[in-house]
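This report concerns only the one structure given below.
Reckoned from all heavy atoms, side chains included, excluding hydrogens, waters and symmetry mates.
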Amino acid sequence: MTDVIEVKVPDIGDFTDVEVIEVHVKAGDEVAAEDSLITLETEKAAMDVPVPSAGRVEEIFISVGDKVSEGTVIIKLTAADSTVGLDSAAPAEVNTSSQTEVDPKQVAIPPNSYTGKADNETSLLILGAGPGGYTAAFRAADLGMDVTLVERWPSLGGVCLNVGCIPSKALLHAAKVIEEAHEMSEFGVKFAAPEINTIKLRDWKQSVVDRLTGGLAGLAKQRKVKVVQGTGTFLSPQHVRVEGDTGSQVIAFQQCIIAAGSEPAMIPGLPDDPRIIDSSGALELEDMPKRMLVIGGGIIGLEMATVYDALGVQVSVVELTKTLVPGCDPDLLRPLEKRIKGRYEAIYKGVGVTGVAAEKAGLLVSFEGNGAPEPQLYDKVLVAVGRSANGGKIGAELAGVKVSERGIIDVDKQQRTNVPHIFAIGDIVGQPMLAHKATHEGKVAAEVAAGEKSYFDARVIPGVAYTDPEIAWVGVTETEAKAQGLDYGKGAFPWAASGRALSVARDEGVTKIIFDNKTNKIIGCGIVGPNAGELIAEACLAIEMGCDATDIGLTIHPHPTLSETVGMAAEAFEGTLTDLYIPKRKK
């Protein structure tokens, strides 16, 4: 029996209108179960949608550049057996020609039964000590729980503190100082060309990391949190094996919080060559190249490009989609693109990498797409195409926990998985993969594990690109508002009219607030300019508190500051702004 089925976009978290960056099949193709159909790109990662069952592609409904959401039909597929592939490995949503409803989520494998000896026992085991994991551990300990924290790194802090957020921001600060010193020559203050000692710079970066991770170790000791160093994998719904440098041990737990994070995604088929690095390798500043290609024009790629450009490297960026930082409003991107266009060797948008050949003289990279260059030779290639969740690497199936093909673990508002006493937080539960989201989820999971009534109920989660200039946004973007047909209005204040922006010689910025026209309440905000990541917090609070334009405009902001631009953007929407002439809105 054969059925024609519609394959749809699965649950992709809170994301809507996600861009299709690659279509891997065409009508008439014979496909096997789990072959990739399309690739989508969100703010920080690319994700593949696989074929749920073997069969023949009859019709394709989308193409590269289309925007899709959960439930969008991708293809029609004729399958020899409509049940093939619709097991725990199939994240795609499927409607068959029959009336049977197929669950688009994975089915958990029956949990394993472990009858061996446990070396240690704990009330709450937390797997992973990144921002979400250590926050959960400390909160649970404060609530009186017996907590064991398992971490694969030699120090606490996970990817974020060791090879992510913190060391990258330290290097970005160094890049900012270099650039500001250079730019002051235009205003009569000239410094000698910087002498960059990458060894000392790397040591300073590491000292920042060591200070923070050492502080976490002290906090764990004060709270009597037992820390176990090693890689943890589940043996059953109540047991985890930890493999460390000093041996192996089995820990029995009553409850568990999975905070195992994510890893940099790599492009398959690349040669095994030390000159091809990921974001962690880029932070080591080893063998500074003359020419470097950054594959991926998202946040991670552009942040590292900012660092290497300031350190004197000829940087090129290639991005498969037609825009940098997918998901960001075009008007917020313009100041960044204008600045880096004159600094970087090249920026290729809508261009893909078709191959990398390791040669003695360098890495020969081939491209395709409109505007693609001839093959280019680079000293280093940084792959920054997003991150992949670690859900498939911890043996979660032996605990009966559902894990998607992409390594994502589904949770409810209390961070519970399908196994009630096992929770999951952070990158491993999906987008957005941000440390500040993980910390809030960690507190919720710890409080629920301790018996409190707690829920993850954030209205918005901000995003920040720590480029130069910075870009930050929260809530509904203008692009989303248009796509959703919302009745919205906006107030924008250009930094060219800000005294503070002019006094620091950075007048290219803009602050833009999106309002609901019916209620005048703020529903989104975007800021581009120096310290945008600091400024966006006011908008986050305003959305959480349900503020309207009047609330924001009547709040007295200190002068002269960049924070004034938030209040002035609200006044621009209301028509009460005096620092610029903007005609009043029609009621």
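For His24, the side chain to side chain contact (heavy atoms under 4.5 Å, CB included) criterion is met by Glu22, Ser36, Thr39, Asp48, not counting sequence neighbours. Residues satisfying the side chain to side chain contact (heavy atoms under 4.5 Å, CB included) test with Leu541, not counting sequence neighbours, are Met545. Looking at residues two or more places apart in sequence or on another chain, you find no side-chain hydrogen bond (donor to acceptor under 3.5 Å, both in side chains) involving Gln484. Under the side-chain hydrogen bond (donor to acceptor under 3.5 Å, both in side chains) criterion, Asn531 pairs with no residue, sequence neighbours left out. Residues meeting the ring-ring contact (aromatic ring centres under 6.0 Å, His included) test with Phe253, sequence neighbours left out: none. In terms of the salt bridge (Lys or Arg N to Asp or Glu O under 4.0 Å) criterion, residue partners of Glu263 (sequence neighbours excluded) are, by chain and number, Arg152. Remark: Ala532 pairs with Glu470, Ala472, Ile527 by the side chain to side chain contact (heavy atoms under 4.5 Å, CB included) rule, at least two apart or across chains.
Sorted by first and then second residue, the pairs that involve residues 425-437 and meet salt bridge (Lys or Arg N to Asp or Glu O under 4.0 Å), not counting sequence neighbours, are Lys437-Glu441. Residue pairs that meet the salt bridge (Lys or Arg N to Asp or Glu O under 4.0 Å) test with at least one member in residues 223-242, sequence neighbours left out, are Asp142-Arg223. Screening residues 445-461 for salt bridge (Lys or Arg N to Asp or Glu O under 4.0 Å) gives Arg139-Glu447 as the qualifying pairs, with residues at least two apart or on separate chains. Within the structure, salt bridge (Lys or Arg N to Asp or Glu O under 4.0 Å) contacts touching residues 127-136 (residues at least two apart or in different chains) do not occur. Identified under the ring pair (Phe, Tyr, Trp, His ring centres under 6.0 Å) test for residues 113-162, with sequence neighbours left out: Tyr114-His239, Tyr134-Phe138.
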